[in-house]
Novice: 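I'd like to ask some things about the structure below.
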Amino acid sequence: MKFLTTLAISALLAFGTLSAANAQVDPANTLTITLKDGDVVVELLPDVAPEHVKRIKELAEAGKYDNVAFHRVIDGFMAQTGDVEFGNMEKGFNPQRAGTGGSAMPDLKQEFSDIPYETGVLGMARSQNPDSANSQFFIMFNEYPSLNGQYTVFGRVIDGMEHVNKIKRGSQSANGAVEDPDRMIKVRVGK
């Protein structure tokens with residue numbers, strides 16, 4: 001029986017539904033994203049990317065991420081969101097511009113780390129300039145080593161990855177652009 005329990009725990013850890021750190025995560029460094037299928041709990045990593053975590057928390061606390069679309073979703077890769085300028089589903093979602101905007105705050109300098117891009121990792125979207133991250137971010141569906149050290153990691157899903165996996169995918173021919181996209185209904189700091 002002990003072997004089964006250890007095996008079950010290992011499987012849960014492998015599939016991202018249980019984290020050894022989950023019970024010890026500081027609520028002040030936790031982000032809860034409400035999706036159509038349920039809540040996704042993210043452990044923020046201020047020791048890894050302090051300025052990016054600060055920005056994400058500021059935008060969440062101001063309600064800027066509420067009702068923002070997942071405007072680019074590529075099956076087997078990632079779901080991108082966070083365009084607070086053109087991505088709000090209730091305040092004028094603009095499908096032609098979604099993904100080109102940010103917030104009124106200045107862009108951030110990169111805070112690259114050695115944390116690998118694996119299932120459930122959250123990274124900041126940016127342009128070709130490494131110091132251009134602002135408000136947009138993405139959640140990884142799978143491992144993607146070519147992103148390692150190229151984009152700032154600021155968090156990881158510790159609960160609710162099954163809800164992330166249900167986000168509506170975009171068109172492959174349109175680089176993941178999503179028609180009638182899913183959205184982050186509510187984003188808040190804490191559980």
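Atom set for the values below is all heavy atoms of this structure, side chains included, hydrogens, waters and symmetry mates excluded.
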Novice: Is Ser171 reaching over with its side chain to a backbone N or O of Ala177, donor-acceptor style, under 3.5 angstrom?
Specialist: no
Novice: Less than 4.5 Å apart, side chain to side chain, heavy atoms only: is that true for Val42 and Ile33?
Specialist: yes
Novice: Report the distance from atom CD1 of Ile74 to atom CD of Gln80, rounding to the nearest 0.5 Å.
Specialist: 8.5 Å
Novice: Do side-chain atoms of Ser135 reach the backbone of Gly82 as a donor and acceptor pair under 3.5 angstrom?
Specialist: yes
Novice: What distance separates Glu51 CD from Ile56 CD1, expressed to the nearest 0.5 Å?
Specialist: 12.5 Å
Novice: Is a side-chain donor or acceptor of Thr30 paired with a backbone partner of Glu43 at a separation under 3.5 angstrom?
Specialist: no
Novice: Tell me whether Phe93 is reachable from Ile185 by hopping between hydrophobic residues (I, L, V, M, F, W, Y) whose side-chain heavy atoms are closer than 4.5 Å.
Specialist: no
Novice: Work out which heavy atom in Lys191 is nearest to a heavy atom in Thr32; give both atom names and the distance.
Specialist: CA-OG1, 3.3 Å
Novice: Let me check something: any side-chain donor-acceptor pairs from residues 100-109 under 3.5 Å, sequence neighbours excluded? List them with distances.
Specialist:
from   : atom 1 : to     : atom 2 : distance (Å)
Thr100 : OG1    : Arg97  : O      : 2.5
Ser103 : OG     : Met105 : N      : 3.1
Ser103 : OG     : Asn134 : OD1    : 2.6
Asp107 : OD1    : Asn134 : ND2    : 3.0

Novice: Working to the nearest 0.5 angstrom, can you tell me the gap between His163 NE2 and Asp182 CG?
Specialist: 13.0 Å
Novice: Contact between Phe154 and Leu45 at the side-chain level, heavy atoms closer than 4.5 Å - yes or no?
Specialist: no
Novice: What heavy-atom pair brings Asp39 and Arg188 nearest, and what distance separates the two atoms?
Specialist: OD2-NH2, 3.6 Å
Novice: Shared ILVMFWY cluster between Leu59 and Val189, side chains joined below 4.5 angstrom?
Specialist: yes
Novice: Report yes if some heavy atom in the side chain of Ile158 is under 4.5 Å from a heavy atom in the side chain of Val25; otherwise report no.
Specialist: yes
Novice: Pick one: which of Met78, Arg156, Met161, Glu118 meets side chain to side chain contact (heavy atoms under 4.5 Å, CB included) with Met140?
Specialist: Met78
Novice: Treating Ile, Leu, Val, Met, Phe, Trp and Tyr as nodes and any side-chain heavy-atom pair under 4.5 angstrom as an edge, say whether Val187 and Val68 lie in one connected cluster.
Specialist: yes
Novice: Got a donor-acceptor contact below 3.5 angstrom from the Thr152 side chain to the Glu111 backbone?
Specialist: yes
Novice: Per the ring-ring contact (aromatic ring centres under 6.0 Å, His included) rule, what does the pair list look like for residues 55-82, sequence neighbours excluded?
Specialist: Tyr65-Phe137, Phe77-Tyr144
Novice: Quick one: do Ile167 and Asp37 satisfy side chain to side chain contact (heavy atoms under 4.5 Å, CB included)? Show the steps, please.
Specialist: CA-CA 9 Å; Ile167 295 170; Asp37 294 304; over 6 Å; no
Novice: When you measure from the side chain of Lys57 to the backbone N and O of Ala28, does any donor-acceptor pair fall under 3.5 Å?
Specialist: yes
Novice: How far does CZ of Phe138 sit from CZ of Arg126, to the nearest 0.5 angstrom?
Specialist: 9.0 Å
Novice: Could you state whether Met124 and Phe141 fall into the same hydrophobic cluster, counting links through intermediate Ile, Leu, Val, Met, Phe, Trp or Tyr residues with side-chain heavy atoms under 4.5 angstrom apart?
Specialist: yes
Novice: What pair of heavy atoms forms the shortest contact from Phe112 to Pro130, and how long is it?
Specialist: CZ-CB, 3.9 Å
Novice: Which heavy-atom pair separates Val153 from Ser113 by the least distance, and what is that distance?
Specialist: CB-OG, 4.2 Å
Novice: Check whether any side-chain N or O of Asn142 sits under 3.5 Å from a backbone N or O of Thr119 as a donor-acceptor pair, and report yes or no.
Specialist: no
Novice: Do side-chain atoms of Lys36 reach the backbone of Lys166 as a donor and acceptor pair under 3.5 angstrom?
Specialist: yes
Novice: Same cluster for Tyr117 and Ile115 if Ile/Leu/Val/Met/Phe/Trp/Tyr side chains link at under 4.5 Å?
Specialist: yes
Novice: With sequence neighbours left out, what residues match Val178 under side chain to side chain contact (heavy atoms under 4.5 Å, CB included)?
Specialist: Val73, Lys168, Pro181
Novice: Please list all pairs passing the salt bridge (Lys or Arg N to Asp or Glu O under 4.0 Å) test where one or both residues lie in residues 73-87, with sequence neighbours left out.
Specialist: Asp75-Arg169
Novice: Among pairs that include at least one residue of residues 63-73, which meet salt bridge (Lys or Arg N to Asp or Glu O under 4.0 Å), considering only residues two or more places apart or in two chains?
Specialist: Asp66-Lys186
Novice: Tell me whether Asp159 contacts the main-chain N or O of Val41 through its side chain, where contact means a donor paired with an acceptor under 3.5 Å.
Specialist: no
Novice: For Leu31 versus Ala60, what's the shortest heavy-atom pair and its separation?
Specialist: CD1-CB, 3.8 Å
Novice: Mind checking whether Val40 and Leu35 have side chains closer than 4.5 Å, heavy atoms only?
Specialist: yes
Novice: I'd like to check the side chain to side chain donor-acceptor pair (under 3.5 Å) partners of Asp26; sequence neighbours left out, ordered by chain and number.
Specialist: Asn29
